[in-house]
Protein chains: 2
Amino acid sequence: MDSAVARERALDAAEELFYGRGVQAVGMDDVRGTSGVSLKRLYQLFPAKEQLVEAYLERRDARWRGELAAYVERREEPRERILAVFDWLGGWFGEPGFRGCAWLNAYGELGATSARVAARVRTHKRAFREYLASLVAAAGLPGALAGQLFLLAEGAMVTAGVTGSAEPAAEAREAARRLLDTG
Amino acid sequence: MDSAVARERALDAAEELFYGRGVQAVGMDDVRGTSGVSLKRLYQLFPAKEQLVEAYLERRDARWRGELAAYVERREEPRERILAVFDWLGGWFGEPGFRGCAWLNAYGELGATSARVAARVRTHKRAFREYLASLVAAAGLPGALAGQLFLLAEGAMVTAGVTGSAEPAAEAREAARRLLDTG
DNA sequence: AGCAGGGGAGAACGAGCGTTCTCCACAGGG
DNA sequence: CCCTGTGGAGAACGCTCGTTCTCCCCTGCT
C-alpha cells in the first residue's frame, strides 16, 4: 500500500473514530483496526497520537470550510449568503452521526493538556469568524455584526451538540435575520 | 474530621482541580493531596470517580445559578435584568482562572463515555435556558426570544473559553440589546 | 538461488491511574 | 491495662493504552 493511500485511510479512520467517540476513548489500536494500517506504518506517518489528532483536525477544517463556502456561494444576494450559513449548519446538525463541533469537542478534551491542539482549534474558529466577517463586509453591513453572528453560530453548534437537536440552527437563523434587518 | 467537613473539602479540591485542569488530567490521588481527605474516606463518600464528578457539577450548578440570579435581581427593570445576564457573564469571563464553561468542558471530555455526566450537563443547560425564558416572560417579550438569547450566551461562553477573552460577553450583550429593542 | 530490506502481526514494555488492601496508630470502653 | 474498631498512609493490584520491539514473510535485485 502506497504511503499516501495509507495516510488517507489512517485519517479516514481517525476522523470517524475520534469524532464519533472522542479522542481519548479511541486507542491507536482502534485506528489500526478500522484503517487496516499497521501500527508500524501509523507511527511512521504520525510519530505520536497528538500529531494524528492534529492532522485529523486540519483535514476536517479544510473540508468543513470548503463545504460551507460552496453552499453559501450558491446564493447570489449578500444577505441571503449570510443566512445560508445557518441553513448549512441546520443541515449539518441533522446529519446522522452528528456529535457537535469537532473542534469544540477536541478543545474540551485536550485543550488543557495539548497546546498544539488548542492552537489548532483557535485557528479554525478564527478562520470561521473571518469568513463571516467577509460575508458581512460584502453585504455592506457594519463589522460589529460579524462577531454577533459568530456567537449565534457557536451557540447553535454547542447546543445542537449537547441536545442532539437541529432546532438551534433555525433559532440562530431567526436571530441573525433580525440582526440583519435592523443593522 | 467530620464526614460533612470531609465531603466539602473533597468537593472544594475536586472543583478546583477538575475545572482548572480537566477531569481526566486529575487523578483521585491529586484530589486526596489537595483536599487532605484520605483515599479511604474519598471512596466512602464517593464510591467512584464518576460520582465525585457528578457531585462537583451539581454543587457548582447550584452556586452558579444562584450567583447569576442574585446579580440579576439587583436590577428592577425587566429588560435591564435580561441584559444583566450578559454583564454577569462578562464578570465571570474576566475572573482569574476562568477556563470556559465547566459543563461544556465536562461534556466534551466525558459526554461520550458517561451518560450520567451528559445528563447532568443537559439538566444544567435546560435550567439556564428556562431561567432566561422566565426573564423574557417577565418582560412581556415573545417566548422565541429566550432561545435566541440562550444561543448568544452559550456562544459567548464557549468563545470566551477558547480565546481567553472577556470580549464575547460585550458582543453578546450588544446583540441581545438589539434583539430586545426590536422584539 | 541467495539475500537485503521494507512491511505486517502482534507481543512486550512502561507509565498512569482507578480502586482496594495492608499495616499501624490511637481513642474509648470494660 | 487490654480489646476493639475507626481512620490514615501508602503500597499493591489490575487494567488501559501509547509506544516500541521481535519475528517472520515477501518482494525485488543481483
Side-chain angles (χ1 to χ4, degrees), chain A residues 1-57 105-106 109-118 120, chain B residues 1-57 105-106 108-118:
Chain A
M1 190 191 307
D2 186 305
S3 258
V5 174
R7 186 186 161 86
E8 285 308 297
R9 293 208 185 155
L11 285 173
D12 288 345
E15 178 156 4
E16 174 189 337
L17 295 170
F18 288 162
Y19 181 70
R21 302 191 208 156
V23 174
Q24 319 232 42
V26 170
M28 292 298 278
D29 207 58
D30 296 320
V31 176
R32 179 186 60 118
T34 300
S35 66
V37 176
S38 72
L39 280 180
K40 191 187 260 185
R41 229 15 149 71
L42 277 179
Y43 277 93
Q44 278 172 3
L45 294 163
F46 309 97
K49 187 184 185 186
E50 184 180 37
Q51 306 191 33
L52 178 57
V53 174
E54 282 189 77
Y56 142 62
L57 292 176
N105 290 347
E109 263 189 284
L110 306 171
T113 54
S114 165
R116 298 178 63 85
V117 168
R120 215 163 266 280
Chain B
M1 191 193 306
D2 186 304
S3 258
V5 173
R7 186 185 162 85
E8 285 308 298
R9 292 208 185 154
L11 285 173
D12 289 345
E15 180 157 3
E16 174 189 337
L17 295 171
F18 289 161
Y19 181 70
R21 300 191 209 156
V23 173
Q24 318 232 42
V26 171
M28 291 298 278
D29 209 58
D30 297 320
V31 176
R32 178 186 61 115
T34 301
S35 66
V37 176
S38 72
L39 279 181
K40 191 186 260 186
R41 257 313 198 153
L42 277 178
Y43 277 92
Q44 278 170 4
L45 294 163
F46 308 97
K49 188 184 184 185
E50 185 180 37
Q51 307 191 32
L52 178 58
V53 175
E54 283 190 76
Y56 142 61
L57 291 176
N105 291 347
E109 264 188 285
L110 306 171
T113 54
S114 165
R116 299 178 63 85
V117 168

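Each chain gets a letter, A, B and so on, in the order the sequences are listed, and its residues count up from 1.
C:dG5 atom P lies 15 Å from atom CD of A:Q44, rounded to whole Å. As rounded to whole Å, 13 Å separates atom P of D:dT19 from atom CZ of A:F46. Summarising the geometry, the separation between CG on B:D2 and C1' on D:dG8 is reported as 17 Å, rounded to the nearest angstrom. Counting to the nearest Å, the P atom of D:dG8 and the CZ atom of B:R9 are 11 Å from each other. Rounded to whole angstrom, the span from the CG atom of B:L42 across to the P atom of D:dA9 amounts to 11 Å.
Taking CZ of A:F18 as the start and CG of A:N105 as the end, the distance is 13.5 Å to the nearest 0.5 Å. Of the inter-residue distances, the one linking A:L39 atom CG with A:M28 atom CE reads 7.0 Å to the nearest 0.5 angstrom.
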| said: Across nucleotides 12-26 of chain C, 5' to 3', mark each nucleotide with B, S or - according to how protein heavy atoms within less than 4.0 Å reach it. | reply: ------SBB------

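Side-chain atoms of B:T113 and A:R21 include no donor-acceptor pair closer than 3.5 Å.
Evaluation of the side chain to side chain donor-acceptor pair (under 3.5 Å) test over residues 48-57 of chain B, restricted to residues two or more places apart or in two chains, returns B:E50-B:S114, B:E54-B:R116, B:E54-B:R120.
Which of D:dG7, C:dG10, C:dG7 sits closest to the side chain of A:R32 comes down to C:dG10.
Pairing each heavy atom of A:P47 with each of A:L45, the nearest pair is CD-O, 3.9 Å.
The pair B:R9-B:D12 does not meet the salt-bridge criterion, since no charged nitrogen lies less than 4.0 angstrom from a carboxylate oxygen.
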